[in-house]
Amino acid sequence: MLNLFTLRGLLWGSGTDGQEKVMLTAAEVESLRSGLLDLEEREAHLKAQLEHVDEILRSAHLSGYLYIRTRWAALPGEPPPIDDMEVDDWLPRFLVLHGSCIFFYMLSTDLSPQDSTLLSDVTEVGRLPSFTREDEETRYCFYILTRHGLRYECSSVSKVQVDLWLTTLQDDSKSELDRTTLTDSRKR
């Protein structure tokens, strides 16, 4: 589309009022219209993303980027998992704690989460040992274990951020567990 705006590609002529005018073919005009429509559509999409992020950040209990990796707990009779601390499979994800759910987004601008877990499914939240990467950057870690055996391991270079997530998740998952237990006891 930008090629149409180069001086070499356009035909110039003089109008009756003495001003120079650009002469375009019907195909070039249609191409410009199509390009403008594409840009308007992209603008609307980006605006929706921005509004979505704004809504998430306003209503979230806690949110931010963490490095995440997932592990499954060994099933009964299986050998314990191999210690794979040497494998660098940590992926940056944007986590949002909203209501009774943790949402995992690829990017903060994504419209829908890549994964989620209910706080009522969280059975344990705890600290993991910190580690130092090859670039001499220390990462502080914690984990979230679900009743399904899925373990989210989370890390950040910020100890304060990890402590905040750890404290908040421990408090919220305990509160959610207490609510679930109370609801179950009332049903009996």
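Here the structure is a predicted model, which means the values were calculated and not measured.
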Measuring only between side-chain heavy atoms, which start at C-beta, is [X] closer than 4.5 Å to [Y]?
X	Y	answer
Met106	Arg93	yes
Arg139	Val162	no
Val125	Trp165	no
Ser116	Phe103	yes
Val29	Arg33	yes

Looking at every heavy atom in both [X] and [Y], which two are closest together, and how far apart are they?
X	Y	answer
Ala48	Leu111	O-CD2, 4.0 Å
Phe142	Leu169	CE1-CD1, 3.8 Å
Val96	Ala60	CG1-CB, 3.7 Å

Exercise. Tell me, with the steps shown, if Thr109 and Phe94 meet side-chain contact (heavy atoms from CB on, under 4.5 Å).
Key: CA-CA 9 Å; Thr109 55; Phe94 188 74; over 6 Å; no
**Exam field: side chain Asp110 to backbone Leu107, donor-acceptor pair closer than 3.5 Å** = yes
### Ser31 side-chain N/O to Ala27 backbone N/O, donor-acceptor pair under 3.5 Å
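Here the side-chain-to-backbone pair does not exist.
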If you group Ile, Leu, Val, Met, Phe, Trp and Tyr by side-chain heavy-atom gaps below 4.5 Å, do [X] and [Y] land in one group?
X	Y	answer
Val122	Trp72	yes
Tyr152	Leu128	no
Ile68	Leu164	yes

Nearest-0.5 Å distance, [atom1] of residue [X] to [atom2] of residue [Y]:
X	Y	atom1	atom2	answer
Glu153	Leu66	CD	CG	13.0 Å
Ile144	Leu95	CD1	CG	6.5 Å
Ser156	Glu137	OG	CD	9.0 Å
Asp121	Leu145	CG	CG	11.0 Å
Leu91	Phe104	CG	CZ	12.5 Å
Ser63	His98	OG	NE2	10.5 Å

Only one of Tyr140, Trp90, Tyr67 passes ring pair (Phe, Tyr, Trp, His ring centres under 6.0 Å) with Phe131, and that residue is Trp90
Mind checking side chain to side chain donor-acceptor pair (under 3.5 Å) for Tyr143 and listing every partner two or more places apart, or none if nothing turns up?
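Testing Tyr143 for side chain to side chain donor-acceptor pair (under 3.5 Å), a comparison that skips the adjacent residues, returns Glu124.
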Under-4.0 Å salt bridge between Asp89 and Arg71: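 Between Arg71 and Asp89 there is a salt bridge, with a charged N closer than 4.0 Å to a carboxylate O.
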Checking side-chain contact (heavy atoms from CB on, under 4.5 Å) for the pair Thr138/Lys159: CA distance, chi angles, key distance, verdict?
-> CA-CA 9 Å; Thr138 300; Lys159 186 176 186 325; over 6 Å; no
Just wondering, more than 12 heavy atoms not from Glu43 lying within 6.0 Å of its CD?
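No, CD of Glu43 has 12 or fewer neighbouring heavy atoms, counting only those of other groups under 6.0 Å.
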